[in-house]
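Contents: one structure, followed by commentary.
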Amino acid sequence: MTDLKPALLSLLSALPATVSCAWPLEEFALPVVTLAEESSAVAAQADGQPYLEEYVFSLQILAETRQEADALSLRADALLSSLGLRRTAGQDLFDETARAYQKSLTYRALLHNDTVYAS
């Protein structure tokens, strides 16, 4: 299986936010963007070897205002879509503990070698 997280984190580092994999252990000033791999599986095989891999990633955006969360969401979506990932779900929340607006986004990718196919 291919590890897409380093490439996605590098791409998301263009956002005006702290970007990390999963939830960071230390506290950061808002906004914060986290990326987690929800699942990965072999979608197709050829000659007994993985040919097509499927990945599902979740992106969490925490920001002080709803407008900032929305703006970061749009920029993150444009970046991930340009790589070929397809957004499959989204949810808006207000995190009482963090006192922050949260956008939860889910993306799907199909990968063959180094090529991400729009799915």
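Since the model is a prediction, treat every value here as computed from it, not as a measurement.
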Close side-chain approach of L9 to L35, heavy-atom, < 4.5 Å: yes
Full working for side chain to side chain contact (heavy atoms under 4.5 Å, CB included) between L8 and K5: CA-CA 5 Å; L8 297 179; K5 288 186 295 292; 5.7 Å; no
4.5 Å side-chain heavy-atom contact, P16 and R75: yes
Main-chain N/O of A7 paired with S10 side-chain donor or acceptor, under 3.5 Å: no
Linked, directly or transitively: L111 and L80 (ILVMFWY side chains, under 4.5 Å): yes
A63 to A69 - nearest heavy-atom pair and separation: CB-N, 3.6 Å
Results of side chain to side chain contact (heavy atoms under 4.5 Å, CB included) for D70 - residues two or more places apart only: R66, K103
Candidate list L59, T34, L12, test side-chain contact (heavy atoms from CB on, under 4.5 Å), partner V19, passing option: L12
Closest approach of V32 to A29 (non-hydrogen atoms, all atoms of both residues): CG2-O, 3.7 Å
Backbone of D77 reached by a side-chain donor or acceptor of S81 within 3.5 Å: yes
In one Ile/Leu/Val/Met/Phe/Trp/Tyr side-chain cluster, 4.5 Å: L72, L11: yes
Straight-line distance of C21 SG to E37 CD, nearest 0.5 Å: 8.5 Å
Flag side-chain contact, heavy atom, 4.5 Å: Y55 against E38: no
Close side-chain approach of L4 and L83, heavy atoms under 4.5 Å: no
Test side chain to side chain contact (heavy atoms under 4.5 Å, CB included) applied to R87 and S73, step by step: CA-CA 11 Å; R87 185 171 154 183; S73 171; 4.1 Å; yes
Y101 side, atom OH; E68 side, atom CD - distance, nearest 0.5 Å: 11.5 Å
Which atom of A100 lies closest to which atom of F94, heavy atoms considered: O-CD1, 3.5 Å
same_hphob_cluster(L15, L85) at 4.5 Å side-chain heavy-atom cutoff: yes
Distance (rounded to the nearest 0.5 Å) between Q91 CD and L105 CG: 10.0 Å
Distance-minimising heavy-atom pair for A76 and I61: CB-CD1, 4.5 Å
No-hydrogen, no-angle side-chain donor-acceptor test under 3.5 Å, S104 and Q102: yes
Aromatic centroids of F57 and Y107 separated by under 6.0 Å: no
